[in-house]
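In each ligand, atom 1 is the first atom listed, and ligand 1 is the first ligand listed.
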Amino acid sequence: MPFRVLVTDEIDPEGLALLAAEPRLDIDEEPTLPRDELLARIGSYDAIIGRSATRISPELLRAASRLKVVGRAGVGVDNIAMDVATELGIAVVNAPAGNTVAVAELFFGVVIGILRQLARADASMRSGRWDRSALMGTELHGKTLGIVGLGRIGSAIANRAAAFGMALVAYDPYVPESRFQSLRVERAADLETLLGAADVMTVHTPLTDETRGMIGRRELALVSPGAIVVNMARGGIVDEQALVDALQAGRLRAAAVDAFAREPLAADSPLRRVENLYLTPHLGASTTEAQRNVAVDACAAVRDALLDGELSRSINVG
Ligand code: MLT
């Protein structure tokens, strides 16, 4: 009997083709299913593949009596109850590398957009104006970029920032000295040192108990006045209300947020009304290339786990 695979959320066709080419796999492709429907159906599947929109809750995993693998077409696994998956022996495979470039490029797009007032310039042109003198910008060159989390994405941003002529400082207690040296990034002894040094401060950590609320009211008060704060990692790492308050108090020049504590962001969220807060709807990994990369990586890992028991890409069981 073939293994049954449920593909939920939007997974790039190139990844799906890898599964479809296997006669021993039976694929059901569904859009993001409502929680109850997913719960009712999960018991008949051997694997599920999705993005962050599908929450793989403890309840869902316990109802998934045949489930062997969860495939995450992306890097973050904060939407998956990892401890329960591990307890039940369900392998979780993700795609940690495929969207690194996409996030790094979006970071520079957004920060340069802020520094050069691109959204304002476009809006003013569309309203018939020619606000050339009001739309003076500033440069990345010579500014200090503070990176919290020097993993894949933090490192990719550091590399590119060096090419822009930025000074680099990072805080990451889990990364060896050699990475700081090879990237020519100054190591901040603690988070406070980084906050005080950065003209642009950005977080690139997973969301864990340690990082939830890591940039709160106290930390935002330590950020150099007039700095730009960016959260493209996960909602909740930068406290949203504290960020709104810091912007409204004029402590920050601007902020950019791409990932939110609750997604989709509520239509009436106060975040949508704050001046100098640049919002994007979790677009970090939304490039054709990144979505193809992560779909291929996740689908291949699920296929190999089911058909060959190959678990070298599992991040919880081996
Ligand atoms: C990721 O975790 O890979 C990105 O945030 C995009 C996504 O959630 O799919």
Side-chain angles (χ1 to χ4, degrees), residues 6-16 29-33 35 38 47-57 60 69-82 85 91-111 147-157 202-212 214-215 230-238 240 256-265 271 278-302 313-316:
L6 177 63
V7 178
T8 177
D9 306 336
E10 285 159 31
I11 304 295
D12 186 87
E14 216 168 296
L16 297 178
E29 240 189 286
E30 299 284 355
T32 306
L33 288 171
R35 184 181 153 274
L38 183 58
I48 179 168
I49 304 181
R51 293 183 62 192
S52 51
T54 297
R55 198 167 159 255
I56 311 291
S57 64
L60 186 78
V69 197
V70 175
R72 169 72 170 92
V75 58
V77 288
D78 47 285
N79 61 319
I80 303 171
M82 290 298 294
V92 176
V93 294
N94 68 345
N99 55 30
T100 305
V101 171
V103 180
E105 292 189 0
L106 182 66
F107 171 82
F108 288 100
V110 167
V111 173
I147 305 172
V148 181
L150 202 56
R152 275 195 186 80
I153 294 173
S155 299
I157 288 177
T202 185
V203 293
H204 297 285
T205 67
L207 179 66
T208 62
D209 288 344
E210 192 184 349
T211 62
R212 186 172 286 106
M214 177 170 56
I215 309 295
V230 180
N231 181 9
M232 295 189 162
R234 277 295 179 270
I237 298 174
V238 178
E240 289 173 356
V257 180
D258 183 54
F260 301 87
R262 282 229 175 138
E263 295 187 6
L265 184 67
L271 293 179
Y278 292 78
L279 303 174
T280 40
H282 204 143
L283 293 182
S286 296
T287 64
T288 312
E289 296 87 341
Q291 285 311 306
R292 188 179 52 227
N293 294 341
V294 295
V296 166
D297 289 352
C299 290
V302 167
R313 278 164 286 176
S314 161
I315 53 174
N316 63 329

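- Protein residues having a heavy atom under 4.0 Å from any atom of ligand 1 are Arg51, Ser52, Arg72, Gly74, Val75, Gly76, Asn99, Arg234, His282, Ala285, listed by chain and number.
- With sequence neighbours excluded, the residues forming a side chain to side chain donor-acceptor pair (under 3.5 Å) with Thr280 are Asp258, listed by chain and number.
- Checked options Val103, Ile157, Thr100; the residue passing with Arg152 is Thr100 (criterion: side chain to side chain contact (heavy atoms under 4.5 Å, CB included)).
- Side-chain atoms of Ser52 and Asn79 include no donor-acceptor pair closer than 3.5 Å.
- For the pairing with Ile237, the side chain to side chain contact (heavy atoms under 4.5 Å, CB included) check across Val148, Val203, Thr208 returns one residue only, Val203.
- Without hydrogens or angle criteria, Thr211 side chain to Met214 main chain gives no donor-acceptor distance under 3.5 Å.
- Not a single donor-acceptor pair under 3.5 Å links the side chain of Asn231 to the backbone N or O of Val257.
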